[in-house]
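Along the sequence shown, residues are numbered consecutively beginning with 1. Just so you know, these numbers come straight off a predicted model, no measurement behind them.
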Amino acid sequence: MTIKHFLQFNDLTTDELNHIFERTRWIKAQFKAYQQYWPLSDRTLVMIFEKASTRTRLSFEAGMQQLGGSAIYLNTRDSQLGRGEPVEDAAQVISRMSDIVMIRTFEQDIIERFAANSRVPVINGLTNEYHPCQILADIFTFIEHRGPIKGKTVAWIGDSNNVCNTWLQAAEMLDFNVHVSTPPGYEVEPERANLYGDSHYEEFADPMEAARGADLVTTDVWTSMGFEAENEERMRDFADWQVDADMMRVAKEDALFMHCLPAHRGEEVSAEVIDGKHSVVWDEAENRLHVQKALMEYLLLGKVK
């Protein structure tokens, strides 16, 4: 079987993505019924972290164990990667001692270089540019609650970060629309907008207009990891981009609210929204576990019926 990586959302075809969503539903049902399912017995996942994590580490480590395999945690501070070992060399060694690798790092180039020298599948656990596992979980959560996402409208309110970039890729792959509203100066990078075309993506200066009629309203923290020095300036610039009850009222009546967490109540989202009837953030967080199990199953075993 050809080695397949998941470094960006569009590394998988629409058919492959739909297969993963179907498998996620089945794998989650097994988990909820306390039914043992160990297709990855004796397989080893190596998790490499250069950025801090709660949900990514927990969901991958627990997920691999629940599939019958084992997971090894490596932090670049505690390994030769943090002392200047070339990424290419590390990939050669690590991939000879494991079956699959997940990396959470800074530049996308790092994970691309690692994958190019790896003998096993590599998964992007987050980079500055993309967060594909998060959007897998978000879309599966939408499907669970509202059915197919095709033709629906997702409103992204806030910073045009790695999660936003991945929503744009997903819209092209799965045929839905993304409305993006950011403060001036924080717009989607032109080269990313051009990469994805404009058929599924529209920018709005007014966040209320972006949310109007949306099936899903989603956001993220105003200051992502690596931008802490800009925090005070961002607090001022993003003040009008909080997802609050007024914004949810202009979305569809049954619109969902999502946030990849951790959240700052009173900043990018009001407590009334994240703890209210529209919010599915806890299902969304849990579903990282289940979609990543389905993803690892597919990358290692291909299509399982």
Subject >> Lys303: partners by side-chain hydrogen bond (donor to acceptor under 3.5 Å, both in side chains), with sequence neighbours left out >> reply: Asp15
Original post:
For the residue pair His290 and Phe140, is the inter-centroid distance of their aromatic rings smaller than 6.0 Å?
Top reply: no
Original post:
Under 4.0 Å between a Lys/Arg side-chain N and an Asp/Glu carboxylate O for Glu22 and Arg25?
Top reply: no
Subject >> Point-to-point distance, once rounded to the nearest 0.5 Å, from CD of Gln292 to CG of Leu295 >> reply: 7.5 Å
**OP:** Could you tell me which non-hydrogen atom of Arg104 sits nearest to which non-hydrogen atom of Gly125, and how far apart they are?
**Re:** NH1-O, 3.3 Å
Show me the donor-acceptor pairs, under 3.5 Å and distance only, between side chains in residues 253-264 and residues at least two apart or in other chains.
residue	atom	partner	partner atom	Å
His259	ND1	Leu261	N	2.9
His259	NE2	Glu268	OE2	2.7
His264	ND1	Glu267	OE1	3.4

**OP:** Would you confirm whether Asn162, through its side chain, and His131, through its main-chain N or O, come within 3.5 Å as a donor-acceptor pair?
**Re:** no
Original post:
Can you find a heavy atom in the side chain of Leu67 that is under 4.5 Å from one in the side chain of Arg43?
Top reply: no
Subject >> Parallel, tilted or perpendicular, as decided by the 30° and 60° cut-offs, for the rings of Phe204 and His179 >> reply: tilted
Subject >> Val120 with Ile103, same ILVMFWY side-chain cluster at under 4.5 Å >> reply: yes
Original post:
Are Gln108 and Thr127 linked by a side-chain donor-acceptor pair shorter than 3.5 Å?
Top reply: yes
**OP:** Mind jotting down which residue pairs meet the side chain to side chain donor-acceptor pair (under 3.5 Å) criterion with at least one end in residues 240-249? Sequence neighbours excluded, please.
**Re:** Ser181-Trp241, Asp246-Arg249
Subject >> Shortest non-hydrogen contact from Met47 toward Ala71 >> reply: CE-CB, 4.3 Å
Original post:
Is it the case that one hydrophobic cluster holds both Phe31 and Ile27, taking links as side-chain heavy atoms less than 4.5 Å apart, direct or via other members?
Top reply: no
Original post:
Under a 4.0 Å N-O cut-off, is there an ion pair linking Lys32 with Glu286?
Top reply: yes
Original post:
If you measure from CE on Met64 to NZ on Lys293, what distance do you get to the nearest 0.5 Å?
Top reply: 12.0 Å
Original post:
Considering residues, nucleotides and ligands other than Asp42, do more than 12 of their heavy atoms fall under 6.0 Å from its CG?
Top reply: no
**OP:** Measure across Thr166 and Pro132 and return the closest heavy-atom pair with its distance rounded to 0.1 Å.
**Re:** CG2-CA, 3.6 Å
Subject >> More than 12 heavy atoms from other groups under 6.0 Å of CH2 on Trp38 >> reply: no
Original post:
In Å and rounded to the nearest 0.5 Å, what is the CG to CH2 distance from Leu216 to Trp156?
Top reply: 10.0 Å
Original post:
So, Tyr186 versus Phe238, ring centres under 6.0 angstrom or not?
Top reply: yes
**OP:** Find out whether Arg23 and Val304 are in side-chain contact, i.e. whether some heavy atom of one side chain is under 4.5 Å from a heavy atom of the other.
**Re:** yes
Original post:
Tell me the salt bridge (Lys or Arg N to Asp or Glu O under 4.0 Å) pairs involving residues 155-166, sequence neighbours left out?
Top reply: Asp159-Arg234
Subject >> CG on Asn10 to CG on Leu168, rounded to 0.5 Å >> reply: 11.0 Å
Subject >> Within one Ile-Leu-Val-Met-Phe-Trp-Tyr cluster: Phe9 and Ile20, side-chain cutoff 4.5 Å >> reply: yes
Subject >> Partners meeting ring pair (Phe, Tyr, Trp, His ring centres under 6.0 Å) with Phe49 (sequence neighbours left out) >> reply: Tyr73
Subject >> Donor-acceptor under 3.5 Å (Ser98 side chain, Ile94 main chain) >> reply: yes
**OP:** If a pair satisfies salt bridge (Lys or Arg N to Asp or Glu O under 4.0 Å) and one of its residues is in residues 87-96, list it, with sequence neighbours excluded.
**Re:** Glu88-Arg113
Subject >> Heavy-atom pair of closest approach, residues Val188 and Glu203 >> reply: N-OE1, 3.9 Å
Original post:
Are His278 and Glu272 close enough that some pair of their side-chain heavy atoms sits under 4.5 Å apart?
Top reply: no
**OP:** Any chance you could lay out the side chain to side chain contact (heavy atoms under 4.5 Å, CB included) test for Tyr37 and Glu297, step after step, and finish with the verdict?
**Re:** CA-CA 11 Å; Tyr37 178 58; Glu297 177 195 68; 2.5 Å; yes
**OP:** For residues Gly151 and Asn177, report the shortest heavy-atom separation together with the two atoms involved.
**Re:** O-ND2, 4.0 Å
Original post:
Leu17 versus Leu136: any side-chain heavy-atom pair under 4.5 Å?
Top reply: yes
Original post:
Given the rule in the side chain to side chain contact (heavy atoms under 4.5 Å, CB included) test, do Glu144 and Val280 qualify, once you have shown the distances and angles that lead to the verdict?
Top reply: CA-CA 11 Å; Glu144 266 193 322; Val280 291; over 6 Å; no
Original post:
Do the side chain of Thr44 and the main chain of Asp99 share a donor and acceptor less than 3.5 angstrom apart?
Top reply: no
Subject >> Side-chain heavy-atom pair Leu7, Glu112 within 4.5 angstrom cut-off >> reply: yes
Subject >> Val243 to Val273 - nearest heavy-atom pair and separation >> reply: O-CG2, 3.8 Å
Original post:
If we only count heavy atoms from C-beta on, is the Ile123 to Met296 side-chain gap below 4.5 Å?
Top reply: yes
**OP:** State the OG1-CG distance between Thr24 and Leu289, to the nearest 0.5 angstrom.
**Re:** 10.0 Å
Subject >> Verdict with supporting geometry, His19 and Leu12, side chain to side chain contact (heavy atoms under 4.5 Å, CB included) >> reply: CA-CA 10 Å; His19 169 78; Leu12 298 179; over 6 Å; no
Original post:
Is there a donor-acceptor pair closer than 3.5 Å between any side-chain N or O of Ser118 and the backbone N or O of Phe114?
Top reply: no
**OP:** For side chain to side chain contact (heavy atoms under 4.5 Å, CB included), just list the numbers for Thr141 and Trp282, CA-CA rounded to whole Å, side-chain angles, deciding distance to a tenth of an Å, and then say yes or no.
**Re:** CA-CA 10 Å; Thr141 304; Trp282 313 122; over 6 Å; no
Original post:
Is there a path of hydrophobic side-chain contacts, each under 4.5 Å between heavy atoms of I, L, V, M, F, W or Y residues, that connects Leu300 with Phe6?
Top reply: yes
Original post:
Do the side chains of Ile149 and Val154 get nearer than 4.5 Å, heavy atoms only?
Top reply: yes
Original post:
Is any side-chain heavy atom of Thr105 closer than 4.5 Å to a side-chain heavy atom of Ile48?
Top reply: no
**OP:** Following the transitive rule for hydrophobic clusters with a side-chain heavy-atom cut-off under 4.5 Å over Ile, Leu, Val, Met, Phe, Trp and Tyr, establish whether Ile143 and Trp26 coincide in one cluster.
**Re:** yes
